[in-house]
Amino acid sequence: MTAISERPYDSAPAPEPRRDHPLDLLTRFQQAVAATPDRTAVHDGAGSLTFAELDRRTAQVAEALTARGAAPGERVGVSLPRSTDLVVALLAVWRVGAAYVPLDPAYPSERLHTMVRDAGIRTLLTGDDDRTWPTDVHPLSVTELPAPADGHPAPPVRTSAHAPAYVIYTSGSTGTPKGVETTRGGVASLVSGLEQAGMYAEQPRVVAWNASVSFDASVQQWARVCRGDTVIVLGEDERTDPGRLSEVLDRHGVHDLDLTPSHWHLLRDDLLVRAAEGRRLRLFMGGEPVPERIWRELSAECAGGRLEALNLYGPTECTVDATATWIEGDFPHIGHPLPGVRAHVLDAALLPVAEGEEGELYLAGAGVAAGYVSRPALTATRFVADPFAADGTRMYRTGDKVRRRADKALEYLGRIDRQVKIRGYRVELGEIEAALATHPGVATAVVTLHNSPTAGEQLAAYLVAADGTEGCAAAAAPTPDALREHLAGILPQYMLPTAYVALDVLPLTVNGKVDLAALPVPEQAADGEPVAQAEESTAQHHAPEGEVETLIADVWSEVLGRAHIRADDDFFAMGGHSLIALRVVARLKKQLGIALSTREVYRHPRLRDLAQHVETVRAGR
Amino acid sequence: MTNPFENPDGTYLVLVNERNQHSLWPSHLVPPMGWTVTRGAADYQTCLDHIEANWTDLSPKSSVGQ
């Protein structure tokens, strides 16, 4: 298309009315401290803090940050597990007017160092771990701070709505993660938008903190402390063990729980029992599309008054949630823009498509992030001039295909690119492919999201081995174990493929692109044609022996969708994850009457080791 | 679905607003109000290079208040 567009943008619907700047969350936190100093602000397995205590500790950490030279507008790393200390750290960073950058202690060092350099981090809040950081970074342990000085702490630094709030790294299609920097105004707008929509109750509530701080769903959980809500930090066992979760929900009288549809699938039996018993919960579903089956199930529970459920949609680039809806009716959708958000469904000429037509979703409003840290060109191609506001503000082009229904609700139809969601994690397949290609034995690779009927969604890697040394034919492909180990040094756990299939060539379409439809199904490839000829001694590949090993092998075979399980197989390498671990736990309980925790499954990833552990537990009864 | 911001063979403008935020813009579309053309029509890569070279601080300039 080369002609100048003749249709002016003023034919588009008028922008929805904009609100005045909502109150900054730190200001609201100070109000909550003044209003309910003795109410519990945050609780974790180890203890709790009242609002007054949280305020004092936050001021103390902020003072230490200032003493280290942390300045407003700067980015401060935070590498702590989910805990009361983490809430203290996040609030302290805001208190000095800086932006926090979550650095998950479980990520590979290489990735963390890349993030530290990319974000220009000089100061870092940590716990007691002894991880090494780049030499020019000053780690500051929140657990070893000097006693608070006498007198009055410095008041919070006043910030503008444009001040940075946090940087969340997401998968990048070209091979390196990209940091989305949001604003304090954007976060304030998120909270006030959910309040105005009636989705956050007016009265203070008790909310569970479920998501990792490395993902922005955590913001709509922990930051609720700023509006006077009590935050209950869920431990890893409590998140994935339905029995323990239920116990925590009851003990603290939790009202609100955030979770992904994958997580619902895991918890549903117990949560439905609670719902039937009248222990009503408000569920905030997000992170991935809600499948129709789950939608209808939740919808029926809500219609029966046993549960309240919301579906929330939004890219990290628009500060957590952009649209939301109560889950009602039979068909999944993502609802309407939250107050403060404007949604446009556009065609390739940036003109609104007709109602019911498919288009790309563009989002505008206070929640639009500042951009990608240190990536001006990428920022300028994704955060673009907003022709509908026509006031110099920008809109974010989501890459999400949607259509607007007759009732104006938006329906999610898929991606225009190769970004996928796996169990709620946002992943660019291109980043995994780029990481695979850094292995010297790999010539080229393609990664797909494969839906296994038994194990659910899995990442599958297809690779062509690099040519051998001169004079040799193509070398044998690296083993799956070698590839997995290589990737584990670069990528977080959730981005690791579970199947590796070596091919002589990648199948191509007539256009010369990789023919994804022609790639073999990973399970069949794994069981028939050997995946990348394993070269280890076959003597290591023992068949399972004895009652317990055989039983666990049967369970793995069933839940992981693999025909052949060996005694030295590794749970994670086979595609195991927390949701599958829970199914393993349930089956062991049912068939052997042994109650393990998911953590015990993680601690013994090799089948033989887990079997031995089970024998020990059984003998000890 | 083709996206107007991702055509490597297309012709683009670079727009800038009062906060010094930059935006790529397809040259066949009218630039929105509130934005100034800072780099005339050029190919995709030239525009991206211009943005990389000239937009070094992504934090929005707050000289215009708020």
Side-chain angles (χ1 to χ4, degrees), chain A residues 1-10 21 73 99 159-164 179 181 183 185 346-351 353 358-360 362 368-395 397 399 401 413-417, chain B:
Chain A
M1 190 190 303
T2 51
I4 298 282
S5 168
E6 290 179 358
R7 281 189 279 174
Y9 287 107
D10 57 14
H21 282 301
T159 57
S160 83
H162 295 286
E181 186 156 64
T183 65
L346 306 181
D347 65 13
L350 299 186
L351 294 167
V353 299
E358 177 180 310
E360 185 174 351
Y362 289 69
V368 173
Y372 299 115
V373 170
S374 310
R375 307 271 198 104
L378 182 65
T379 302
T381 62
R382 303 293 314 204
F383 296 84
V384 299
D386 181 353
F388 305 100
D391 60 356
T393 58
R394 301 176 303 166
M395 57 183 185
R397 116 181 127 77
K401 291 185 288 188
L413 303 172
R415 292 288 303 173
I416 66 162
D417 54 19
Chain B
M1 193 185 335
T2 55
N3 184 284
F5 295 95
E6 280 186 0
N7 179 8
D9 303 321
T11 308
Y12 289 92
L13 308 173
V14 178
L15 309 183
V16 63
N17 68 9
E18 283 183 323
R19 296 188 180 279
N20 195 42
Q21 290 170 320
H22 286 54
S23 168
L24 191 71
W25 195 256
S27 64
H28 63 273
L29 301 180
V30 181
M33 297 275 286
W35 293 82
T36 314
V37 178
T38 180
R39 179 70 174 81
D43 64 77
Y44 190 69
Q45 195 56 50
T46 302
C47 288
L48 295 192
D49 291 346
H50 177 89
I51 295 164
E52 288 283 338
N54 289 278
W55 190 19
T56 48
D57 180 10
L58 263 64
S59 58
K61 261 196 211 161
S62 49
S63 56
V64 287
Q66 293 181 354

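Excluded from the calculations below are hydrogen atoms, water molecules and symmetry mates; all remaining heavy atoms, backbone and side chain alike, are included. Order of the sequence lines sets the chain letters (A, B, ...), proteins ahead of strands, with each chain counted from 1.
The two residues Phe5(B) and Thr381(A) make their nearest non-hydrogen contact at CB-O, 3.8 Å. The shortest heavy-atom contact between Pro387(A) and Pro32(B) is CA-CB, 3.5 Å. Of all the heavy atoms in Trp25(B) and Ala385(A), the pair that sits closest is CZ3-O, 3.3 Å.
Between Asp347(A) atom CG and Asn3(B) atom CG the span is 10.5 Å, to the nearest 0.5 Å. Rounded to the nearest 0.5 Å, atoms OG1 (Thr393(A)) and CZ (Arg19(B)) are 10.0 Å apart. The distance from atom CD1 of Ile51(B) to atom OG1 of Thr379(A), rounded to the nearest 0.5 Å, is 9.5 Å. For the atom pair CD (Glu52(B)) and CG (Leu378(A)), the distance works out to 9.0 Å, reported to the nearest 0.5 Å.
The candidate from Pro376(A), Ala390(A), Gly185(A), Ala377(A) with the greatest count of non-hydrogen atom pairs under 4.5 Å with chain B is Pro376(A). With chain A as the partner, the residue from Thr56(B), Asp57(B), Leu24(B), Leu15(B) showing the most heavy-atom pairs under 4.5 Å is Leu24(B).
Heavy-atom distances place the side chain of Gln21(B), and not its backbone, under 4.5 Å from chain A. When heavy atoms are compared at a cutoff of 4.5 Å, Asp417(A) does not approach chain B at all. Proximity to chain A (any heavy atom under 4.5 Å) is shown, for Leu48(B), by both the backbone and the side chain.
Scanning residues 33-41 of chain B against chain A with a 4.5 Å non-hydrogen threshold yields Met33(B), Gly34(B), Trp35(B), sorted by number.
Looking at heavy atoms from C-beta onward, Arg397(A) lies in side-chain contact with Glu6(B) at the 4.5 angstrom threshold. Two residues are said to be in side-chain contact when any heavy atoms from C-beta on lie closer than 4.5 Å; Glu181(A) and Leu58(B) fail this criterion.
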